[in-house]
Each structure stands twice: as C-alpha cells, then as structure tokens.
Amino acid sequence: MPFPFQISATEGRARTGVLKTARGDIRTPAFMPVGTAATVKAMTVDQVKATGADILLGNTYHLMLRPGPERMERLGGLHKFMGWEKPILTDSGGFQVMSLAGISKVKEEAVTFSSHIDGSKHVLTPERSIEIQADRIGADISMQLDQCVAYPAEKGAARKAMKLSIRWGARSKARFGERENQALFGIQQGSTFEDLRRQSSEQLQEIGFDGYAIGGLAVGEGHQAMCEVLDYAPEMLPADRPRYLMGVGKPIDLVEAVYRGVDMFDCVLPTRAGRHGQAWTWDGPLNLKNARFAEDQDPLDPTIDGPSSSYSKAYLHHLIRADEILGKVLLSWHNIAFYQALTAAMRAAISEGRFEQFRRDFHARHTSNG
C-alpha cells in the first residue's frame, strides 16, 4: 500500500488514526470539503486550510468538461492549478452516471453522456476515468469507476449495477497498476441489500485496493436506512485500510457513521447550506434567514475558529436577507470550520475513550433541534 494507514485508538467500532500520504497526513475521522470545479465554493484555499482540512475532493466529471483533463495536465495538475498543496481525492464520475441518468447511457464498455454545459458528447470508460484522475489531474487518491443506483432500487437492478461495478473495478485497477505516491480505492455497492454488499466486498478484496469506499448511500434512503446499512457494511471491508463513506452528510450522519467504523467523508452540504443561509452549530442547524435573528447581537458560535465568530447573528441575517456575497462566504467558511471541529472532537473523544458519551450527547442535541 503506497500510503500507510495507522490506527492509533479504537472505541467499539469507532477508530482514529492517520493516513500518511506523500503530500501530508490525513487525520481520521476526516471530512473532505468538496472542490467540485477546482474550488470549494465561496472559499479560497487559504480559508479552507485555516479550517483544519487535511484533504479536498475534486470532481472528475466536472473537471473533464472544464477546464478539461489535458489542459489541467499542461497547467501542472489540480494541486498547482488551484494552489492546494495537501492531498486531493477525486471521485470517478460514477455518481454523475446516476444523477444525470437522463443524459447518460451505461453499457459494459463505458458510459456515454451529453455535457450539461453545452450538450457535447463524451465517453467515460474505467480506463479513461483513471487516466483523468491519476495522470492528468494528478490525484493522490483516485476512485474506481462504478455504477450507483438510486433509492429505492429493485434487487435485480442493484445486483446488475454491483456486478458491473466489480468488472469496472478490475479494469480500473489494471489501468492504475502499482504506484508509489498515488492510491486507488474500490467502491462497495449493493444498495440496501446485505448479501449484495457482502459479495461486492469480497470481490473488491480479491482485486485488491489501497482503500475501500461505501457507495450507493445518501441517494434518498434517509438517515435510519443509511445507519442500518452501516451496521454491517463497514465491517465487510478490511480493518487495516481506510473506509470512506461517499457523499455523506449531515453532522449526525458523520457521528453515527464513525460509531460504525467509517474513517472518511465528503459532502457538498456545508457550503451549499451556507450559501442558502443555514449554519451548523453544536446545538443543530440555524436558519439565519429567520426574523428572530434580526436583532440578535450574539456571535454565531464563539467556539468555532473562523470569521463568523466575529460577527453578530443580526449582521449575518442582514447579509443573507440582502443576498450579499459576504454572507455566503462567511456561512460557508463557518460550516466547513464546524465540520472540521466536529471531526477533531471525534478524534479526541475516541483517543480518550469517551466517544460513546460524545455520541449520546451530540445525538440528543441534534435530534431535539434538527
């Protein structure tokens, strides 16, 4: 494995450790801010660094459309292009295969799709996905191309997509080969069917990956159904490799997933919520559009290290209601900082043997206020 994964403490199934990469350590549990088009929306890379993020996520589908993988390679790769020196993980484009189902077609060889930007036609094979991620973009961690199904899924459709994902995983691994300073993760599929996820896990391990992701969740199944899958899915994957839950989620989702053995997360929610006036706090989400904040002179959350702690809720309310760009920036910054504070708190709680109490306290506050 090119990147050693060292688990330093466990409590139940929850664990904390470090994934050591050539561009820096990734402390786990880790939340990866999403830099879809070579930027975390409404934030500079220095602002993202200041929140404590160890790694970002880039989106293969969007980057292959613009600025284009060959141009990115000529410009020195994604790290140089966006000015981010720490690790980057790229998704494979598989999620867009599902979310853009109306303009895409899946066959054994490849997925073909029309650009949502200009309608141009594109073909994405497992081999091309790896070429874009590892060779052109220069990702530290690449993901195999997979097929994700929406929820609810018929078992036959889920089985077909899972088996295709395994074949695509083998092709992704063959194209990736063995690399010294880059890693490749496989993706477990199977929707909400335990036997399909077990089969997926076993066959992925036969192929052999540097880490393993749990895919096909956060696609409409809801928190409870997600937790039911996570009751068994992480433990089907190797204990000595990082486990990455893709596209998740709300803070309570992260806590419950860590409780069940997950190490890594990504989600657009923090910045998307911030752009729409929602701030995440230790006591749950706040909608700064609400009139009750119009004269609230208290800071948003003085415990979160970021500029939002320097401004009153009344001011943030004004910025959001006036549709000022600064409001979107401040709340996006705050939310990313909160997610980093949350993962840091979970790491500390696991190390100190108090994660179960942390989980109970957090769950009580967020379910009563969320």
Check the side chains of [Y] and [X] for a donor-acceptor pair under 3.5 angstrom, ignoring hydrogens and angles.
X: Ser120; Y: His122; result: yes
X: Gln47; Y: Thr51; result: no
X: Asp301; Y: Thr303; result: yes
X: His223; Y: Asp253; result: yes
X: Gln357; Y: Arg360; result: yes
X: Gln133; Y: Thr90; result: yes
X: Ser332; Y: Asn335; result: no

What about [X] and [Y], same hydrophobic cluster or not, with Ile/Leu/Val/Met/Phe/Trp/Tyr joined at side-chain heavy-atom distances under 4.5 Å?
X: Val262; Y: Tyr244; value: no
X: Leu204; Y: Met264; value: no
X: Ile214; Y: Val248; value: yes
X: Leu237; Y: Phe193; value: yes
X: Leu65; Y: Ile137; value: yes

Leu217/Val229 under side-chain contact (heavy atoms from CB on, under 4.5 Å): CA gap, chis, key distance, verdict: CA-CA 9 Å; Leu217 294 177; Val229 173; 4.0 Å; yes
salt_bridge([X], [Y]) N-O dist < 4.0 Å:
X: Glu202; Y: Arg197; answer: no
X: Glu352; Y: Arg354; answer: yes
X: Asp135; Y: Arg179; answer: yes
X: Glu127; Y: Arg175; answer: no
X: Glu256; Y: Arg260; answer: yes
X: Arg128; Y: Glu70; answer: yes
X: Glu109; Y: Arg167; answer: no
X: Arg23; Y: Asp140; answer: yes

Output yes when a side-chain donor or acceptor of [X] lies under 3.5 Å from a complementary backbone atom of [Y], and no otherwise.
X: Ser165; Y: Gln147; answer: yes
X: Arg27; Y: Ala344; answer: no
X: Ser309; Y: Asp305; answer: no
X: Trp84; Y: Pro87; answer: yes
X: Arg365; Y: Trp282; answer: yes
X: His334; Y: Trp280; answer: yes
X: Gln297; Y: Lys313; answer: no
X: Asp266; Y: Met32; answer: no
X: Gln189; Y: Ile187; answer: no
X: Arg243; Y: Gly261; answer: yes

query: Of Thr10, Asp263, Thr28, which meets side chain to side chain donor-acceptor pair (under 3.5 Å) against Arg15?
result: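 Between Arg15 and the candidates, side chain to side chain donor-acceptor pair (under 3.5 Å) is satisfied uniquely by Asp263.
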Rounded to the nearest 0.5 Å, what's the gap from [atom1] on [X] to [atom2] on [Y]? Could you check?
X: Gln188; Y: Leu196; atom1: CD; atom2: CG; result: 10.0 Å
X: Tyr315; Y: Ser310; atom1: OH; atom2: OG; result: 11.5 Å
X: Leu342; Y: Leu254; atom1: CG; atom2: CG; result: 6.0 Å
X: Ser129; Y: Met143; atom1: OG; atom2: CE; result: 10.0 Å
X: Leu145; Y: Ile130; atom1: CG; atom2: CD1; result: 8.0 Å
X: Arg272; Y: Lys328; atom1: CZ; atom2: NZ; result: 13.0 Å

query: Between His116 and Tyr61, is the gap from one ring center to the other below 6.0 Å?
result: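 Yes, the ring centres sit under 6.0 Å apart.
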task: Would you confirm whether the ring centroid of Phe265 sits within less than 6.0 angstrom of the ring centroid of Phe31?
output: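 When the ring centroids of Phe31 and Phe265 are compared, they turn out to be at least 6.0 Å apart.
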task: Would you sort out whether Phe185 and Phe209 count as a ring-ring contact (aromatic ring centres under 6.0 Å, His included), showing the intermediate values?
output: CA-CA 5 Å; Phe185 283 18; Phe209 291 92; 8.8 Å; no
- prompt: What's the verdict on side-chain contact (heavy atoms from CB on, under 4.5 Å) for Lys107 and Thr112, showing C-alpha distance, side-chain angles and the deciding distance?
  reply: CA-CA 8 Å; Lys107 293 186 177 181; Thr112 58; over 6 Å; no
Of the non-hydrogen atoms in [X] and [Y], which two are nearest, and what is the gap between them?
X: Ile207; Y: Ala170; result: CD1-N, 3.7 Å
X: Asp296; Y: Ser312; result: O-CB, 3.7 Å
X: Arg241; Y: Phe5; result: C-CD2, 3.7 Å
X: Gln182; Y: Gly138; result: NE2-C, 4.0 Å
X: Leu63; Y: Ala38; result: CD2-N, 3.8 Å
X: Ser92; Y: Leu124; result: O-CD2, 3.6 Å

field: Worked check of side-chain contact (heavy atoms from CB on, under 4.5 Å) between Phe358 and Val255
entry: CA-CA 9 Å; Phe358 174 92; Val255 173; 4.3 Å; yes
Counting heavy atoms not belonging to [X], are there more than 12 under 6.0 Å from its [atom1]?
X: Lys80; atom1: NZ; result: no
X: Arg275; atom1: CZ; result: yes
X: Lys163; atom1: NZ; result: no

task: Take Lys121 and Ser114, measure what side chain to side chain donor-acceptor pair (under 3.5 Å) needs, and give me the verdict at the end.
output: CA-CA 5 Å; Lys121 302 296 183 181; Ser114 302; 2.7 Å; yes
task: Report yes if some heavy atom in the side chain of Thr16 is under 4.5 Å from a heavy atom in the side chain of Val258; otherwise report no.
output: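 The answer is no; the side chains never approach within 4.5 Å.
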List the atom pairs, with distances to 0.1 Å, where a side-chain N or O of residues 285-292 and a protein N or O form a donor-acceptor pair under 3.5 Å, not counting sequence neighbours.
residue : atom : partner : partner atom : Å
Asn287  : OD1  : Lys289  : N            : 3.0

- request: Establish, for the pair Arg359 and Tyr259, whether the NZ or CZ atom is under 6.0 angstrom from the six-membered ring centre and no further than 45 degrees off its axis.
  value: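 Yes, a cation-pi geometry.
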- prompt: Taking it one step at a time, do Ile26 and Val18 satisfy side-chain contact (heavy atoms from CB on, under 4.5 Å)?
  reply: CA-CA 6 Å; Ile26 303 167; Val18 177; over 6 Å; no
